[in-house]
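Heads up, the thing below is written out as structure tokens.
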Amino acid sequence: MKIKRIVVGSLEENCYIIEKNGKAIIVDPGDEYNKIEAAINNLKVVGILLTHSHFDHIGALSYFEEKYHLKHNEKIKEFNYEVIATPGHSKDSLTFYFKEEKVMFTGDFLFKESIGRMDLPGGNSLDMKTSLELISKYPSDIVIYPGHGEKSLLAEEKLYFPYYFKILK
Ligand SMILES: [Zn+2]
């Protein structure tokens, strides 16, 4: 499985193209559909995953849903992944976990060296705490791909969890 990152829009959102055997998933088509299309090239798009519905993650969503006749977050049979509800940054925040490849797409829930803001509508610090507790049980050698910024190793992020647990209430 190959993962390509395309940084799009004014908030520099990470859109990802996940590729396996010539088939692809688009994660968070936030903006600049032409840049995303260039990255897709001639791959067959079989699904669209959305971590949450904030504007910077959905700017090109309807474009790709119409182009490929897909609805986001419908089951994609060509890929094997787990959908984990991780609210806190938003009510609808989801994390997509590809167990065999040991990668996670965390959206704006968990970043490299930080967590998502909780002051927007639907944000909730207790939800955030529960979500972090849940993710802390996953293997430390998972690579996380967040909605903004660089990827990271879950082991590195787990070092901050005790601090987060202390401040979240
Ligand atoms: Zn967001």
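For this chain, numbers begin at 1 and follow the sequence in order. Ligands are counted one by one from 1 in listed order, and the atoms in each one are counted from 1 as well. The model shown is predicted, which means the values in this text are computed figures rather than measured ones.
We find that Lys91 and Asp127 are joined by a salt bridge, their nearest charged nitrogen and carboxylate oxygen being less than 4.0 Å apart. The pair Glu150-Arg5 meets the salt-bridge criterion, with a side-chain N (NZ, NE, NH1 or NH2) lying under 4.0 Å from an Asp/Glu carboxylate O.
Taking the six-membered ring for Trp and thresholds of 30 and 60 degrees, Tyr160 and Tyr164 have nearly parallel ring planes, at less than 30 degrees apart. Between Phe98 and Phe79, the ring planes lie perpendicular to each other; the angle is over 60°, past the 30° to 60° tilted range. A parallel orientation is assigned to the rings of Phe64 and Tyr68, their planes being inclined by less than 30° (bins at 30° and 60°).
Around the Zn ion (ligand 1), the protein N, O or S atoms found under 2.8 Å comprise His52 NE2, His54 ND1, His89 NE2, Asp108 OD2.
For the pair Lys151 and Phe105, the cation-pi test (distance below 6.0 Å, angle within 45°) is failed.
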